[in-house]
Enquirer: 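Structure incoming, see below.
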Amino acid sequence: MVFENFEIRVAERTVWVQGEAAALGARAFDVLLALAERCDRVVSKAELLDLAWPGLVVEENNLTVQVSTLRRVLGHSTIATVTGRGYRLTAAPRSVAAAVVAAEPWRLSDRLERRLVAIVQADVAGWVRLVAANSRLAAGAWRRARTECVEHSLARFGGRPIELTPERLQIEFASAVDAVAWSLELQSRLSEHRRAASTDQDPALRMRVGLAVDDVIVDDGKLVGDGVNVAADLQQAAGPDEVLVTQKVRDFVLNKLDASFVPVGERLMRRAQRPMQLFRVDGVDRAAAGALVRPGSLARTASIAVLPFACDGPDTDAYLGHGITEEIIDALSLNRALFVIAHSSTPQLRLRDADLGTVADELGVRYLVIGTVQRAGSRLRIRASLMVSADQRILWQQRFEGSTSDLFGFQAEIAANVAAATAPHVQDEEVVRSRRRSPSSWDAYDCVLRGLAGLYRLGTPEFDSAGAMFQRAIGLDPGYAQAHAHLAWWYSMCQFEGRPRAAEDWQQLALDHAMEAVRLDGRDAWALSVAGYMLTLHKQHDQALDMFDQALGINPSCAAAWARSAATLSYLGRSDASIERLQRAMRLSPFDQHMFWFQTICGGACFVAKRYDEAAGWLGKALRLNPRFNGARRVQIATLVRTGEIDEARALAQELLAECPDFSVARFGRLSPMQPPYLADLLQGLREAGLPD
């Protein structure tokens with residue numbers, strides 16, 4: 001590589017200045033080589049650190065030292081500092097330097113340059129966690145992915161890299177078609193790498209990709225403006241393995257590529273400050289790999305629309321109704337079990353009871369959320385209702401009181417509560433609806449609903465058939481993420497309930513199906529919460545807490561994620577944090593079908609805190625809701641021993657043995673995810689109640 005005043009001999013790892021070899025250390029050479037290979041653009045400090053110190057966490061001043069060394073050897077003007085951006089090699093390759101000025105004199109102009117471009121922005125999902133687990137393996141995996149997946153086909157698709165790091169990959173394309181085609185190929189090649197690699201030696205890298213077409217301003221090679229901002233918003237909204245685009249991109253590409261565009265609803269682009277319709281891109285190869293939700297998956301969900309809340313007041317208060325409507329749509333859209341009509345499809349509709357059935361038919365939905373807003377000075381009263389559109393039957397309704405002094409916080413609280421309350425009521429109604437269908441017409445969604453109907457009828461034929469229904473759903477639709485998650489939960493219920501049918505490998509099957517659900521849909525907070533709990537049962541508590549953080553980051557209204565993370569904290573002895581999360585779950589979903597399980601976790605958290613009277617109260621409530629739930633029985637037995645109610649404890653122990661004659665305290669101790677010393681206290685209580693060791 002020959003430049004204006006120096007030569008880089010890559011094979012020899014030497015630099016020659018005016019015919020003489022320069023004395024450069026290995027790090028300085030790596031920094032120079034990185035700049036030389038990217039001499040057409042500014043290279044960010046993050047990218048230089050990644051290239052010259054792969055897999056290591058180093059201070060930025062290490063880079064400054066190496067750049068100073070290079071300037072001393074090559075000349076101070078050879079490397080320019082671009083404030084807030086990074087560094088750029090000012091020396092052009094000898095064969096190019098003269099040609100640039102002659103062929104492109106406009107580059108020397110001071111005119112503000114604007115252009116319409118397609119921008120891809122991506123990152124490696126969970127990169128910080130991968131580096132923390134094993135920085136050397138993560139760095140090696142990224143180097144291979146950057147070379148073989150990212151850079152491999154950029155020239156073929158006309159991509160110009162702006163920054164290439166695992167935490168911020170940004171590329172400019174002249175064509176939206178080329179940008180989408182390259183993004184799909186990237187995800188396909190990453191998928192092939194994951195299938196071919198050993199997970200022990202080569203961490204599986206998954207990327208989140210956002211793609212926008214918009215106007216940008218070019219500032220010394222840096223792109224700024226709406227195109228970059230929207231692409232960044234899309235990348236943040238995308239899940240692992242996903243390519244997320246705007247409607248403008250879809251319109252450019254439609255019918256020009258063998259790809260489909262799955263609507264995900266309207267989102268407010270935080271940086272660009274405007275709402276946009278978003279789509280996931282599904283390519284043919286990736287559909288075969290099951291990486292994205294396919295269009296047919298909409299049949300797996302219940303459809304719902306939120307109509308604009310009516311304001312009982314002057315027209316100037318209309319914004320209150322629009323604001324709460326948008327917040328509820330955003331919150332509901334985070335639940336992958338619901339298909340939510342975008343806000344842009346409903347603003348012209350108004351709450352008129354006589355027209356609700358017609359409105360639902362026009363929108364093609366089975367459920368409606370309606371409401372009213374009343375204002376008296378600074379006080380607000382908001383009513384929200386969930387109804388079945390066919391017969392306008394109310395499934396749930398609630399009144400909220402608040403103030404305009406904290407309007408945004410009040411709207412967010414209402415949206416979270418409406419979203420959390422809607423999910424269990426819709427699920428119950430869908431289960432009832434599925435019972436009216438003939439078994440010969442059941443699809444995968446019907447099978448899941450049938451399974452849910454018997455999931456908590458422990459020790460009955462309905463519970464046994466629930467597992468068969470989930471397995472049938474997966475047989476009909478292997479890419480149905482929630483079917484895998486429900487089957488995982490069923491396997492774990494069998495294993496930890498000690499039911500006679502449970503096999504030794506069912507605990508592993510539970511984890512396998514849970515992780516498959518996450519692989520199929522990494523944006524499903526409910527599936528992530530199931531996977532987190534399965535990791536907890538395998539005593540991988542740190543990984544479980546990371547999974548719960550992901551789930552709650554995606555959907556803060558997911559009561560199941562709050563409750564399951566509370567269980568993990570309880571097993572670790574963090575009882576106060578556990579109870580706080582349980583209380584939030586119960587506030588969000590006070591009629592949840594898992595309430596007996598929520599109360600059991602509360603009882604367990606009080607037990608590890610040695611608040612035995614409180615524990616007995618919670619566990620008693622759980623057993624009244626579900627008398628055959630052995631998870632509550634076991635902890636209640638030990639709790640009653642500690643409160644001195646030994647006769648009651650022994651009677652409950654006999655009930656447990658009647659259901660599970662092979663129960664062994666030692667075997668249960670090996671399975672239990674509870675950590676010492678709390679586990680020892682629990683096991684000793686079981687022994688004192690007369691259960692066999």
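Scope of the values below: all heavy atoms of this structure, side chains included, with no hydrogens, waters or symmetry mates.
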Enquirer: Whether Glu429 and Arg366 form a salt bridge (side-chain N of Lys/Arg under 4.0 Å from carboxylate O of Asp/Glu) is what I want to check.
Expert: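 Salt bridge flag = no for Glu429 with Arg366.
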Enquirer: Check this for me: does any side-chain nitrogen of one of Arg642 and Asp681 sit under 4.0 Å from a carboxylate oxygen of the other?
Expert: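 Judged by the 4.0 Å cut-off on N to carboxylate O distance, Arg642 and Asp681 do form a salt bridge.
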Enquirer: Any heavy-atom pair between the side chains of Ile601 and Trp618 that's under 4.5 Å?
Expert: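 No, side chains not in contact.
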Enquirer: According to the side-chain hydrogen bond (donor to acceptor under 3.5 Å, both in side chains) rule, which pairs have a member within residues 581-590, sequence neighbours left out?
Expert: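 Every pair satisfying side-chain hydrogen bond (donor to acceptor under 3.5 Å, both in side chains) with a residue in residues 581-590: Ser565-Arg581, Ser589-Asp592.
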Enquirer: How long is the straight-line distance from CG of Leu368 back to OG of Ser303, given to the nearest 0.5 Å?
Expert: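 Answer for the OG-CG pair, Ser303 versus Leu368, is 9.0 Å.
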Enquirer: Pairs under 3.5 angstrom only: tabulate donor-acceptor contacts from the side chains of residues 451-462 to other protein residues two or more places apart or in another chain.
Expert:
unit_1, atom_1, unit_2, atom_2, d
Tyr456, OH, Trp489, NE1, 3.0
Tyr456, OH, His594, NE2, 2.5
Thr460, OG1, Arg457, O, 2.5
Thr460, OG1, Glu462, N, 3.4
Thr460, OG1, Glu462, OE1, 3.1
Thr460, OG1, Phe463, N, 3.3

Enquirer: Kindly say whether the aromatic ring centers of Phe607 and Tyr678 come within a distance under 6.0 Å.
Expert: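 Aromatic pair excluded; centres sit 6.0 Å or further apart.
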Enquirer: Working to the nearest 0.5 angstrom, can you tell me the gap between Arg667 CZ and Asp693 CG?
Expert: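 That separation rounds to 10.5 Å.
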Enquirer: Would a 4.5 Å heavy-atom cut-off, applied to side chains only, mark Tyr367 and Leu395 as touching?
Expert: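 With C-beta onward as the side chain, the pair touches.
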Enquirer: Go through the steps for Tyr533 and Trp597 under the test ring pair (Phe, Tyr, Trp, His ring centres under 6.0 Å), then give the verdict.
Expert: CA-CA 13 Å; Tyr533 192 69; Trp597 194 71; 5.2 Å; yes
Enquirer: If I take atom CD1 from residue Ile637 and atom CD from residue Glu688, how far apart are they, to the nearest 0.5 angstrom?
Expert: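 It comes to 12.5 Å.
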Enquirer: Is any side-chain N of the basic residue among Glu242 and Arg523 closer than 4.0 Å to the acidic one's carboxylate O?
Expert: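 No, Glu242 and Arg523 are not salt-bridged.
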Enquirer: Looking at Asp576 and Arg611, does any basic side-chain N land under 4.0 Å from a carboxylate oxygen?
Expert: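 Answer for the salt bridge query: yes.
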Enquirer: Any side-chain heavy-atom pair from Leu184 and Gln187 closer than 4.5 angstrom?
Expert: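 The answer is no, as the side chains (C-beta and beyond) never meet within the 4.5 Å cut-off.
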Enquirer: Do Met515 and Met534 come within less than 4.5 Å of each other through their side chains, counting heavy atoms only?
Expert: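 Heavy-atom side-chain distance check fails, nothing below 4.5 Å.
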Enquirer: Between Ile646 and Leu640, does the side chain to side chain contact (heavy atoms under 4.5 Å, CB included) criterion hold? Intermediate values first, please.
Expert: CA-CA 6 Å; Ile646 191 68; Leu640 292 173; over 6 Å; no
Enquirer: Show the atom names and distances, to 0.1 Å, of all donor-acceptor pairs under 3.5 Å that link a side chain in residues 535-548 to residues at least two apart or in another chain.
Expert:
unit_1, atom_1, unit_2, atom_2, d
Thr536, OG1, Gly532, O, 3.4
Thr536, OG1, Thr568, OG1, 2.5
His538, NE2, Gln507, O, 3.2
Lys539, NZ, Arg670, O, 2.9
His541, NE2, Pro673, O, 3.2
His541, NE2, Gln675, NE2, 3.1

Enquirer: Determine whether Ser557 and Leu334 satisfy the following criterion, side chain to side chain contact (heavy atoms under 4.5 Å, CB included), listing intermediate values before the conclusion.
Expert: CA-CA 8 Å; Ser557 300; Leu334 299 173; 5.9 Å; no
Enquirer: Can you find a side-chain donor-acceptor pair between Tyr445 and Glu430 that sits under 3.5 Å?
Expert: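 A donor-acceptor contact under 3.5 Å links the two side chains.
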Enquirer: Judged by atom type as modelled, is there a donor-acceptor pair below 3.5 Å linking the side chain of Gln397 to the main-chain atoms of Ser385?
Expert: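 No: the side chain of Gln397 does not pair with the backbone of Ser385.
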Enquirer: Is Thr600 close to Leu619 at the side-chain level, that is, under 4.5 Å between some pair of heavy atoms?
Expert: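 A side-chain contact under 4.5 Å exists here.
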Enquirer: Within the structure provided, determine whether Tyr480 and Ile474 are in side-chain contact (heavy-atom separation under 4.5 Å).
Expert: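 Result no, sub-4.5 Å side-chain heavy-atom pair not found.
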Enquirer: Under a 4.0 Å N-O cut-off, is there an ion pair linking Arg519 with Glu516?
Expert: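 Salt bridge present between Arg519 and Glu516.
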Enquirer: To the nearest 0.5 Å, tell me how far Gln427 CD sits from Thr422 OG1.
Expert: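 Here the rounded value is 12.5 Å.
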Enquirer: Is it true that a side-chain atom of His484 and a backbone atom of Pro478 form a donor plus acceptor pair closer than 3.5 Å?
Expert: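 Confirmed, His484 side chain pairs with Pro478 backbone.
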Enquirer: Kindly indicate whether a cation-pi arrangement holds for Arg564 with Trp526, taking the cut-offs as under 6.0 Å to the six-membered ring centre and within 45° of the axis.
Expert: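 Verdict for Trp526: a cation-pi partner in Arg564.
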Enquirer: Can you confirm whether Pro590 sits close enough to Met586 that some side-chain heavy atom of one is under 4.5 Å from a side-chain heavy atom of the other?
Expert: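 No, every pair of side-chain atoms sits at 4.5 Å or beyond.
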Enquirer: Rounded to the nearest 0.5 Å, how far apart are OG of Ser529 and CG of Leu552?
Expert: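 One finds 8.5 Å between OG of Ser529 and CG of Leu552.
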Enquirer: Drop me the distance from Asp613's CG to Thr643's OG1, to the nearest 0.5 angstrom.
Expert: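 The CG atom of Asp613 sits 6.5 Å away from the OG1 atom of Thr643.
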Enquirer: Over 60° means perpendicular and under 30° means parallel, so classify the ring planes of Trp506 and Trp490, tilted if in between.
Expert: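 It falls in the tilted class, 30° to 60°.
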Enquirer: Just wondering, do Cys660 and Asn630 contact through their side chains at under 4.5 Å, heavy atoms?
Expert: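 Yes, their side chains come closer than 4.5 Å.
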Enquirer: Would you kindly say whether Gln482 and Asp524 are connected by a side-chain donor-acceptor distance under 3.5 Å?
Expert: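 Their side chains do contain a donor-acceptor pair, which is all the 3.5 Å distance test asks for.
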